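Take a look at the structure below.
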2 protein chains.
Amino acid sequence: MGSRPTDDGDDGGVTDPGTDAVLGALADPTRRALLDALAARGQASASVLAADLPVSRQAIVKHLGVLSEAGLVEPERSGREVRYTVRSESLAATASWMSALADRWDRRLRTIKRAAEQQ
Amino acid sequence: MGSRPTDDGDDGGVTDPGTDAVLGALADPTRRALLDALAARGQASASVLAADLPVSRQAIVKHLGVLSEAGLVEPERSGREVRYTVRSESLAATASWMSALADRWDRRLRTIKRAAEQQ
DNA sequence: GGTTCGTGCAACTTCAGAGTTGCACGAACT
DNA sequence: AGTTCGTGCAACTCTGAAGTTGCACGAACC
């Protein structure tokens with residue numbers, strides 16, 4: 001995960017690969033609840049997390065796969081089980097990307113509004 | 001505090017109504033492209049935006065409905081047409097929510113890690 | 001007046017993903 | 001040895017979202 005959503009060449013990145021994955025991952029309520037449960041434990045396996053949520057273990061595994069792909073969790077083998085950990089980097093990067101986007105909208109709107117009032 | 005993942009949604013809610021809508025709205029690539037096109041114009045109707053994107057006008061209308069529901073765009077009647085404007089407030093709010101969440105993860109992880117090293 | 005343009009509504013198709021179940025494999029415990 | 005526990009893989013169902021098409025209604029232009 002070397003590419004940061006905020007430092008790639010193209011500025012108007014509405015289709016940034018990392019940001020796209022994070023937004024897609026966070027769109028699902030079950031995945032957000034899963035992240036919440038994982039953050040509460042700091043480290044947990046899929047089977048443990050399945051006890052917290054009203055879904056099967058296999059569903060948890062799939063969600064963890066999506067979250068891992070988005071860089072939001074980090075899998076780590078420990079014997080016969082796989083422990084996952086939350087990663088704040090991708091989330092923080094996406095947050096700053098959104099903040100920058102909001103700022104760009106503001107600037108653009110102000111410019112257009114000013115031009116409209118002047119004519 | 002309890003270990004309930006589903007709480008109200010003011011401070012640390014993973015299921016905040018506004019945030020939920022914004023994340024769901026931004027998850028779709030077409031909607032992000034739509035927001036981008038709208039931000040570039042500052043103000044545009046659904047028919048105008050339909051010319052920019054490779055989808056039909058009706059699809060644009062539906063997407064604008066979702067975006068409006070999430071507070072990301074603002075509809076405004078002007079005669080027989082409806083002009084939409086981007087709104088940065090919801091996006092900025094969600095950005096700061098994400099940033100706070102990332103920060104909370106960091107704190108929690110550091111605490112757990114420290115406790116684990118001490119035992 | 002009539003026509004055109006933009007919107008709104010409704011029915012329909014299609015497909016991705018959320019969730020399930022069942023079973024097989026390997027590591028750990030007795 | 002045998003057993004148990006956790007993971008991994010595959011097939012399957014099913015709901016919802018994305019997109020389409022067609023048509024009706026009202027406002028604007030001739």
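Computed from a predicted structure; not experimentally measured. A, B, ... follow the sequence lines: proteins, then strands. Residue 1 opens every chain.
Here the closest non-hydrogen pair linking B/Ser88 and A/Ala102 is CB-O, 3.6 Å. Here the closest heavy-atom approach between residue A/Asp52 and residue A/Ala37 is recorded as OD2-CB, 4.0 Å. The shortest heavy-atom contact between A/Pro75 and A/Val82 is CB-CG1, 4.1 Å.
Of the candidates D/dG6, D/dA28, C/dG8, the closest approach to any side-chain atom of B/Arg80 belongs to D/dA28.
Residues A/Val55 and A/Val61 fall into different hydrophobic clusters, defined by Ile, Leu, Val, Met, Phe, Trp and Tyr side chains chained together at heavy-atom separations under 4.5 Å.
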Nucleotide N/O to protein N/O under 3.5 Å, stretch nucleotides 1-3 of chain D:
none

At a cut-off of 3.5 Å, list every protein nitrogen or oxygen paired with a nitrogen or oxygen from nucleotides 15-21 of chain D, distance to 0.1 Å.
from   : atom 1 : to      : atom 2 : distance (Å)
D/dA18 : OP1    : B/Arg31 : NH1    : 3.1
D/dA18 : OP1    : B/Arg31 : NH2    : 2.7
D/dA18 : OP2    : B/Arg31 : NH1    : 3.4
D/dG19 : OP1    : B/Thr30 : OG1    : 3.1
D/dG19 : OP2    : B/His63 : NE2    : 2.3
D/dG19 : N7     : B/Lys62 : NZ     : 3.0
D/dG19 : O6     : B/Lys62 : NZ     : 2.5
D/dT20 : OP2    : B/Ser56 : N      : 2.5
D/dT20 : OP2    : B/Ser56 : OG     : 2.7

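For the side chain to side chain contact (heavy atoms under 4.5 Å, CB included) test, residues two or more places apart in sequence or in another chain that qualify with B/Asp103 are B/Arg107.
Here CG of A/Asp20 is found 4.5 Å from CZ of B/Arg32. Values are rounded to the nearest 0.5 Å. Atom CG in A/Leu53 sits 4.5 Å away from atom CD1 in A/Ile60 (nearest 0.5 Å). In this structure, A/Glu69 CD and A/Leu64 CG are separated by 12.5 Å, a value rounded to the nearest 0.5 Å.
The distance from atom CD of B/Glu81 to atom C1' of C/dG8 is 15 Å, rounded to the nearest whole Å. Atom CD of B/Glu76 and atom C1' of C/dG6 are 17 Å apart (whole Å). Rounded to a whole Å, the CG atom of A/Leu34 is 12 Å from the P atom of C/dA18.
A/Arg83 comes within 4.0 angstrom of nothing in the nucleic acid, heavy atoms only.
Close to C/dG26, at under 4.0 Å from its OP1 or OP2, lies no side-chain N or O of A/Arg77.
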